[in-house]
Number of protein chains: 2
Amino acid sequence: MSRVSLKDIAQSADVSISLVSKVLNNRLGTTGVSPELADKIRQQAEKLHYRQNASAIALRQGRHDVIGVIIHRYGEPGSGLVENMVEGISSIARSRQKKLILNFVETDEEFLEICKSAHQGNMDGMIIGGLPHMKLKSSIARLRENGLPIVTIHDRPIHAEIPNVGIDQAAIGGLATLHLVEQGCTRIAHIFHNEKRHDGYTDAMGEAGLAVEPELLFNAGTMRYSYLAGETAATAFLDRKCGFDGIVCDSDQQAAGVINLLQERGIRVPQDVKVTGMDNAPFCEYIRPSITSISQKTRNAGELAMHMFLEMESGGRVEGAMLEPELFVRQSSGGNGE
Amino acid sequence: MSRVSLKDIAQSADVSISLVSKVLNNRLGTTGVSPELADKIRQQAEKLHYRQNASAIALRQGRHDVIGVIIHRYGEPGSGLVENMVEGISSIARSRQKKLILNFVETDEEFLEICKSAHQGNMDGMIIGGLPHMKLKSSIARLRENGLPIVTIHDRPIHAEIPNVGIDQAAIGGLATLHLVEQGCTRIAHIFHNEKRHDGYTDAMGEAGLAVEPELLFNAGTMRYSYLAGETAATAFLDRKCGFDGIVCDSDQQAAGVINLLQERGIRVPQDVKVTGMDNAPFCEYIRPSITSISQKTRNAGELAMHMFLEMESGGRVEGAMLEPELFVRQSSGGNGE
DNA sequence: TTGTATGCGTTATCAA
DNA sequence: TTGATAACGCATACAA
């Protein structure tokens, strides 16, 4: 039961293939067709359940309406960071009738494999997001130089010629810190893993005239953004007796760990210590106290990247963009949110 | 800067196109090639950065190595249900060098659109998951009848000829209920939205010789699986003074809502009331008490569906499968977990 | 050991 | 108003 092609329609309608093609595409050009014949052709096409063969069109026209999406996942499970990004990309793609080939990669090898297939000509371009593969910078740049439209969603651009949608991580760190300052905290501790955000914290502390003392800092190290990092850090801060009244966490998971541990030890959040998370994960609403957090807006990033891609594809000159983080005030920082 | 084709290599190596094709594919058949010439060809291919044109191959061979994945999202944000399913599908796909065209759909129209393009011949088949589109049953069945391999991941098969990877929802409801029975609960309330799970609850209660009274039931209705449904239900159970000592929730969000509300009202979980969630979302670990939950194993479902698809594609006869849910005991049910 | 010819399904150019 | 033909890039049966 092979597929129905223009040829089959042509035969059953007793006309030429090219005429069928013209009629079905409403692309008659200079030529005209008698209405009855056109109808007959369309009817046959309908009857035989004709569908275009995308491969043939791609071969013929050199375009595919397929965009490769390569994402190196990041964020703890439940953060929703990647899911929102994909959702953003995908919503715009659908509205523009573009198909998405989605690839989750982890290693450089996997990434490279996709890049190859990118130039294998089954996609019109790529949107690359998540953790950057800096080692593949030149491979990616080469694809771009060969004319493949590429947009990235990383913290910073990987190449001058490849527009990037990023978010100002330093601003995120600063925003959280500033919020706690405004809430009246003066001894603000910081669990950090992301360097830029740490810079943001440091700068904000400086601007507020507050001291950044080593005993207020905890490097998450291999615990990264995990719940465990939060528990461990909170324990450390308590052990150090550093008299903290606020903690800027580097993830919502860390914040959850901090909050649970502090409360277990009889310390009240937010009355005694105010806490902020990062990423605005859905579960921020469920923890008690609910977690004040900062959205990285990966959904917006995905949408914007797709728009930029489309612009780029149609020959436009595209500039990179930087998104502004957004603060969601909830109970854990003692704000008036929720 | 057009793409490099076999022709370009043939010209630059001064041989025929077909020979280049044979050499590059190591598909010499009966014919032999002198080693030097083969080397020369390969060198030229390398030098010119030759990449196959996937569209041409698809056209020629009638296969694409592309599988359409259509998912109608379900589960509250943060449940990870869909993400895990995609992850499962995608991990197997990658290991088999298959590309995935991922589509998130909501409406029947969107779904139908994809089905069209499915038969447009740009994919070798489809894996359909998430909420079923029963109205499109026949459209999907038609695709299958036309020879397109299709596997679904729904609660139950939509068509006899389309193998499904499901999970026994009734078993899930039963498992949660049984667990609370084993924990010593005798007045077990149920917040329900999913009918099958509700049946499981009812049956398990019956088998345990426990009464299922209307005052122990709360239909989530339009609140579905939300946190709000949990809060509202818990409030209702309290108002009814129905003397409950356990609550089987229909989602982890509901469970979080229940737990937070009960604790606000001074009721201890799990000492006074034991609670179970559903879906085993990542945040189950973060709530205090942590939430006992049941995994639907959507990651496994995704992996299995992909395996079945591949089997089906290669002509094998494939049977549907039913996964067993898995209980994760944590604090909220007073188990010895965590 | 190498090359020629054909066709996959489509569209565009040109001829009738 | 309609049709024949070439071309997209590739793989294969067959000829040399």
Side-chain angles (χ1 to χ4, degrees), chain A residues 1-42 44-45 48-65 117 119-124, chain B residues 1-42 44-45 48-66 116-117 119-124:
Chain A
M1 189 68 56
S2 80
R3 285 270 308 293
V4 176
S5 70
L6 289 185
K7 194 166 145 192
D8 301 308
I9 300 175
Q11 280 172 1
S12 85
D14 204 32
V15 293
S16 74
I17 297 178
S18 60
L19 189 57
V20 176
S21 171
K22 288 171 192 166
V23 168
L24 260 35
N25 290 304
N26 286 322
R27 191 74 201 83
L28 297 169
T30 66
T31 68
V33 186
S34 79
E36 310 93 49
L37 191 51
D39 271 354
K40 186 179 171 189
I41 291 174
R42 271 188 274 263
Q44 281 301 321
L48 298 178
H49 298 114
Y50 169 73
R51 300 290 165 211
Q52 302 181 322
N53 182 318
S55 299
I57 294 179
L59 179 58
R60 175 68 228 243
Q61 313 215 318
R63 30 173 294 164
H64 312 258
D65 286 342
S117 94
H119 228 195
Q120 214 157 354
N122 43 17
M123 43 184 89
D124 297 328
Chain B
M1 187 69 57
S2 80
R3 288 268 309 291
V4 176
S5 70
L6 289 185
K7 193 167 144 190
D8 300 310
I9 300 174
Q11 279 173 359
S12 86
D14 202 32
V15 292
S16 73
I17 296 177
S18 66
L19 190 57
V20 176
S21 170
K22 289 171 192 167
V23 168
L24 258 34
N25 289 305
N26 285 323
R27 192 70 200 89
L28 297 169
T30 64
T31 67
V33 185
S34 78
E36 310 93 49
L37 191 49
D39 271 354
K40 183 178 172 190
I41 290 174
R42 272 188 273 265
Q44 282 300 322
L48 299 179
H49 297 113
Y50 169 73
R51 301 290 167 209
Q52 304 180 334
N53 180 319
S55 299
I57 293 179
L59 180 58
R60 171 69 226 242
Q61 313 218 320
R63 31 173 294 160
H64 312 258
D65 286 343
V66 168
K116 273 191 201 167
S117 95
H119 228 194
Q120 213 159 349
N122 43 16
M123 42 185 89
D124 296 329

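So you know, we letter chains A, B, ... as the sequences are listed, proteins then strands, and number each from 1.
- Backbone-only engagement by B:Ser5 is indicated by non-hydrogen atom pairs under 4.0 Å involving sugar-phosphate atoms exclusively.
- Closest to the B:Ile57 side chain, of the nucleotides D:dT12, D:dA11, C:dC14, is D:dA11.
- You'll find that the side chain of B:Val15 is closest to C:dG3, out of D:dT12, D:dG3, C:dG3.
- A 4.5 Å side-chain heavy-atom check between B:Leu24 and B:Tyr50 finds at least one atom pair inside the cut-off.
- Of the two residues contacting DNA chain C, namely B:Ser16 and B:Ala56, the nearest-nucleotide position lying further toward the 5' end is that of B:Ser16.
- Here C:dT4 presents its P atom at 10 Å from CD1 of B:Ile17, a figure rounded to the nearest Å.
- Residues B:Ile57 and B:Arg60 form no side-chain contact, since every pair of their non-hydrogen atoms from C-beta on lies 4.5 Å or further apart.
- With D:dC10, D:dT12, C:dT13 as the candidates, the nucleotide lying closest to the side chain of B:Leu6 is D:dC10.
- Of the candidates C:dT10, D:dT12, C:dC14, the closest approach to any side-chain atom of A:Tyr50 belongs to C:dT10.
- OP1 or OP2 of D:dA11 lies within a sub-4.0 Å distance of a side-chain N or O belonging to B:Asn25.
- On a pure distance criterion of 3.5 Å, a polar donor-acceptor pair joins the side chain of A:Ser18 and the base of D:dA4.
- Per the geometry, CG belonging to A:Leu59 stands 6 Å off C1' belonging to D:dG9, to the nearest Å.
- Between the CG atom of A:Asp14 and the P atom of D:dA4 there is a distance of 11 Å, given to the nearest Å.
- The heavy-atom pair separating A:Ser12 from A:Leu48 by the smallest distance is OG-CD1, 3.9 Å.
- In this structure, B:Lys7 places its NZ atom 16 Å from C1' of C:dG3, rounding to the nearest Å.
- You'll find the side chain of B:Asn25 reaches within 4.5 Å of the side chain of B:Gln52, heavy atoms only.
- Atoms CD (A:Gln11) and C1' (C:dG9) sit 13 Å apart, rounded to a whole Å.
- One interatomic measurement links the two molecules: CG of B:Asn53 to C1' of D:dA11, which rounds to 13 Å at whole-angstrom precision.
- B:Leu19 has its CG atom 16 Å from the P atom of D:dA13, to the nearest Å.
- Residues B:Leu19 and B:Leu37 meet the side-chain proximity criterion, which asks for heavy atoms closer than 4.5 Å.
- The CG-P distance, from B:Leu24 to D:dC10, rounds to 9 Å in whole Å.
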